[in-house]
Amino acid sequence: MPPLLPVIFKLLLLPLFLWLWFDTSALNVSLYRWPALDFGRASSSGSRPAFSSSSSSPAAETVDPFNHRDRSDRFVKGTRPTLIKNATIFTGTADRLIVQGDIFVDKGIIQDFGDSLELNLLPPETSFVNARGAWLTPGLIDLSSQLGISAIPRIQVGADANSHKGPVVPWLRVIDAVSPQDEGFRLALASGVTTVKVNPGDQNVIGGQPAMIKTRRTHEGTPTSMQVDPQSEPWGLHHGCGDDLATYGMTKMDAVWALRSAYHDAQEQGAKLEELCEDAAMEHCPDVSLIGNDMRTHVMRGKAKISVHCDQVVDLDAWAQVSREFELPVTILHGAREVWLSTGLLNQTWHGPPVVALSVEHNSGKEEYRDSQFAARILSDANITIAIESGYPNLTPRTLAQGARQAYYYGLSENETLAAVTSVPAIAAGIAHRTGYIREGFDADLVLWDSHPLALGAKPRMVWVDGALQLNVSRQENSRTHHTKNLRAPSTPNWDYERASAIAHAGQQPLKPRFSTNDEVVFRNVSRVWIRDDDGELRRVFEAKDPRSNGIAVFSQGRLLCADMFCLNAGVGDTEVDLRGGVIMPGLLAYGQNIGMSRISNPLSTNLELELLLPVSDDNGGMPRAMDGLSLQTRKALEAYRSGITSAVLHLLPRRFHGLEVFGLSVAFRPGALHAMERGAIIQDITALHIKLSTIGITSQLAVLRRLLYGEIERDTDEGQWFKHASEGIIPLVVDVDSADIMALLLILKANVEDRIGSSMRLVFVGASEAHLLATEIGRANVGVILEEPHPLPLNWDSRRTLPPGKDDIIGVLQKHGVRVGSGSGSRFVLAEMVAEGIMDETQAFTVAGANLEALLGIRERNLDVVAYFGGGAFNLSGKAIAVASVQRAVVDIL
Ligand SMILES: *[C@@H]1O[C@H](CO)[C@@H](O)[C@H](O)[C@H]1NC(C)=O
Ligand SMILES: *[C@@H]1O[C@H](CO)[C@@H](O)[C@H](O)[C@H]1NC(C)=O
Ligand SMILES: *[C@@H]1O[C@H](CO)[C@@H](O)[C@H](O)[C@H]1NC(C)=O
Ligand SMILES: *[C@@H]1O[C@H](CO)[C@@H](O)[C@H](O)[C@H]1NC(C)=O
Ligand SMILES: *[C@@H]1O[C@H](CO)[C@@H](O)[C@H](O)[C@H]1NC(C)=O
Ligand SMILES: *[C@@H]1O[C@H](CO)[C@@H](O)[C@H](O)[C@H]1NC(C)=O
Ligand SMILES: *[C@@H]1O[C@H](CO)[C@@H](O)[C@H](O)[C@H]1NC(C)=O
Ligand SMILES: *[C@@H]1O[C@H](CO)[C@@H](O)[C@H](O)[C@H]1NC(C)=O
């Protein structure tokens with residue numbers, strides 16, 4: 001065979017291999033757009049240096065020809081130019097971080113901003129907005145979203161997110177599954193989120209290609225028209241890791257092997273192609289289109305990006321090793337709950353540390369167990385660039401801003417926190433040439449806030465995407481006026497001690513009270529003392545008119561002895577606590593959250609992490625009791641206690657009983673207690689009977705419920721007896737229900753049962769997302785409502801008719817009709833947001849998270865525990881719980 005033949009043969013094969021082409025010279029071109037960011041790291045002393053305006057300027061500051069455009073490729077024809085006057089503009093650019101002035105947008109881009117705009121040159125059709133000094137930020141960017149692919153209202157979670165065709169699916173593209181009709185887009189916009197990175201699910205070793213999309217509705221109404229860069233190249237690849245892969249029955253070792261072998265194969269194929277090119281004596285392998293290409297080769301050559309969702313150190317370490325073996329540059333590390341435990345680990349990633357996108361979701365599962373609320377600050381101290389991401393759809397889109405507020409509350413600086421939801425995610429996602437900053441020539445994606453974006457309850461008043469107005473919440477539309485407008489970032493507590501303790505104990509820091517005493521405890525410099533009297537009524541014992549008239553409160557055996565300016569007749573306390581102007585307020589009651597069902601769970605919420613086992617369906621122990629599953633002194637219970645939650649009502653996971661979902665009997669207890677036999681630990685061993693009803697199978701479920709309540713079936717069983725008690729009004733029947741249709745049927749059933757038995761049922765709706773539709777009827781029937789969310793979302797079909805954002809709130813509507821409302825969120829943070837939003841005042845907040853819940857859930861004993869907050873109120877970000885005084889336990893716990 002002539003020597004030329006093999007070469008010709010290989011040349012013929014070349015087209016087959018073109019799709020595997022790679023070119024090392026491309027490495028420098030598209031790989032990194034992000035620079036070193038320096039947001040004025042906090043020094044170890046805890047003081048915060050000012051924002052650095054040093055030479056470390058973000059990449060996008062270097063003049064990008066892109067920004068010399070005079071119109072956006074996303075410009076919507078007919079959009080009027082807009083001038084926003086007198087705004088406090090957070091630009092994201094180090095040397096002009098905050099600019100007081102005006103901003104002019106036209107043709108989809110920011111044309112000009114600053115304090116001296118030439119206003120006389122404006123086009124006549126310009127629309128004007130007077131911001132009156134309010135904050136204007138770039139639209140928020142969420143790096144971890146399943147908007148569009150877990151579209152709501154939904155029947156099944158994550159339907160289009162995770163492929164089940166195998167662990168390695170680099171050819172899948174998210175954009176092929178994005179539903180533009182997803183209600184979530186509207187909610188995202190209302191929460192200020194204008195751009196999202198939609199990731200395929202985390203349950204694949206290589207899950208596919210994410211999409212960067214904007215949240216506004218487009219004229220075309222198609223997913224492709226929503227992409228940030230209409231002409232963009234594919235983003236790259238998203239990877240899952242760790243326990244998420246257990247769906248495939250994969251262990252950690254299996255998963256890393258699958259990853260390694262996937263990139264090994266790609267490497268081999270690439271090498272083969274190079275050989276072909278060499279043999280063909282071609283200087284450069286020709287460029288090819290990406291169609292049909294395997295994205296793996298592209299990310300290996302730095303032509304596309306890599307994102308990894310990894311939580312545990314062990315998985316992160318494995319990824320760092322693999323990234324070095326195959327020279328894979330990781331752009332974004334999502335989730336990253338344990339990374340704060342081992343910050344040096346990130347340096348081992350090939351080509352340097354990725355941007356860490358911390359998830360705001362705090363669960364109590366295995367992967368999240370060592371999560372810390374201080375993670376953002378600790379990573380920032382280690383000079384690691386952080387973004388904050390929502391983790392939607394497990395959480396509401398609103399929580400991106402809430403997550404940012406929590407990171408800020410726990411010590412991240414103001415500027416860094418704002419950057420973590422704007423410029424940093426833009427840089428990490430490779431779109432910082434057009435979004436994430438307020439700069440001339442950038443996309444006009446803007447949010448005008450009603451208060452400082454990090455203030456509790458801050459909400460977007462107006463949102464623009466590509467210069468087109470998407471949201472306009474005028475004051476008249478909202479029946480509650482915002483009485484306070486905080487234009488300054490709230491002050492936050494000093495967490496140096498807690499943070500150091502978390503680091504020293506690798507996340508397992510002791511959370512028990514430092515000590516407990518039944519002796520006298522003296523609180524000094526107290527601004528307000530509110531307690532509940534023995535009937536449970538709120539009593540304002542002491543209120544200082546100004547800081548100079550702050551007073552003293554003395555407790556003994558956990559009971560308040562005196563509270564006034566001097567407390568002269570009190571003895572000398574063994575323990576003295578300086579509250580620095582703080583308050584003493586009743587403890588809060590949390591309702592019904594348990595492991596495996598955690599929804600919004602932030603560090604200030606409960607998630608009691610009890611050892612709740614699903615009761616077996618054919619057990620003969622009768623109605624399951626939550627009391628039997630109680631385990632105390634868990635981390636989440638203690639964290640809840642430390643945030644001011646002094647009692648909790650808990651029910652089990654549901655089991656099927658004649659097709660009905662029954663949670664069993666709930667228990668009320670004190671999360672600060674050592675064990676169930678300690679004095680005051682159990683408030684009431686049986687509180688209420690809990691069930692759940694939803695549209696699927698509703699006819700047979702209601703039939704069963706009717707017969708149970710009428711006493712027609714299960715007469716002689718324990719279960720049947722408890723339903724009979726419920727029909728007789730001996731215990732409350734608490735029904736988890738969202739649909740107004742089902743609530744109406746329950747109201748009718750209640751009337752029928754009462755007619756027949758001559759009783760008065762104590763019926764309570766939980767969740768109740770659509771309750772506003774029949775507020776009058778619920779009020780008239782004397783039925784209570786426990787809301788788990790101040791603003792329920794149309795997540796499921798049963799809750800699709802929730803009130804839209806920016807309008808009236810459901811609590812207000814229900815209260816107007818005389819419905820007794822309890823707040824089941826169990827989170828001081830959520831209550832504080834409601835107070836800040838003006839949905840309720842502080843007094844009402846204690847009622848909905850105290851007396852009302854007790855009454856609705858059938859708790860006979862009033863919890864009289866009070867909490868002392870250091871440096872601020874119970875419902876604002878400057879306060880921090882520091883002690884709990886309990887009459888019933890006869891002690892004061894110093895936290
Ligand atoms: C990549 O960039 C570095 C530093 O900017 C430069 O020294 C090197 O020559 C570049 N490599 C290629 C292949 O362009
Ligand atoms: C944030 O940046 C502004 C403007 O540069 C500066 O005045 C302020 O001190 C910074 N705040 C912090 C906490 O670094
Ligand atoms: C901007 O608004 C603030 C608050 O309403 C006001 O005090 C200030 O005078 C306004 N500045 C200008 C330049 O209009
Ligand atoms: C990681 O590398 C950076 C820059 O190379 C360095 O500043 C930092 O101290 C390193 N971190 C650790 C924990 O080694
Ligand atoms: C972080 O960066 C600052 C300034 O660049 C430096 O002083 C400090 O030592 C760095 N910290 C760590 C943990 O690398
Ligand atoms: C926002 O809504 C208010 C009240 O509906 C209206 O007066 C105002 O013109 C709107 N703003 C813009 C920019 O459309
Ligand atoms: C009380 O606390 C406030 C706020 O920290 C402080 O300004 C004031 O000096 C304190 N007063 C006394 C008497 O310690
Ligand atoms: C927090 O609340 C306390 C009392 O409720 C109040 O005195 C203080 O000014 C508030 N702080 C902020 C920053 O709103």
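Note that ligands are numbered from 1 as they come in the structure, with each ligand's atoms numbered from 1 the same way.
Taking any N or O of Asn472, backbone or side chain, at least one lies under 3.5 Å from an N or O belonging to ligand 6.
The 12-atom threshold is exceeded at CZ of Arg801, counting heavy atoms of other residues, nucleotides or ligands nearer than 6.0 Å. Within a 6.0 Å sphere centred on NE2 of His219, heavy atoms belonging to other residues, nucleotides or ligands number 12 at most.
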Could you pull out every N or O of ligand 3 that sits under 3.5 Å from a protein N or O, with the distance for each pair?
| unit_1 | atom_1 | unit_2 | atom_2 | d |
| --- | --- | --- | --- | --- |
| ligand 3 | 2 (O) | Asn86 | ND2 | 2.3 |
| ligand 3 | 11 (N) | Asn86 | ND2 | 2.9 |
| ligand 3 | 14 (O) | Asn86 | ND2 | 3.4 |

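Tyr408 does not carry Arg405 over the face of its six-membered ring by the limits of under 6.0 Å from the centre and within 45° of the normal.
Under the 30°/60° scheme for interplanar angles, the aromatic rings of Trp495 and Tyr410 are found to be tilted.
A salt bridge does not link Asp450 with Lys459: every distance from a Lys NZ or Arg NE/NH1/NH2 to an Asp or Glu carboxylate oxygen is 4.0 Å or more. For the pair Arg71 and Asp106, the salt-bridge criterion is not met [side-chain N within less than 4.0 Å of a carboxylate O].
Which parts of ligand 6 touch Leu469 is read off a 4.0 Å heavy-atom cut-off, strictly below it: atoms 12 (C), 13 (C), 14 (O).
In terms of the salt bridge (Lys or Arg N to Asp or Glu O under 4.0 Å) criterion, residue partners of Asp229 (sequence neighbours excluded) are, by chain and number, Arg434.
With a 4.0 Å heavy-atom cut-off, ligand 6 is reached by no atom of Thr82.
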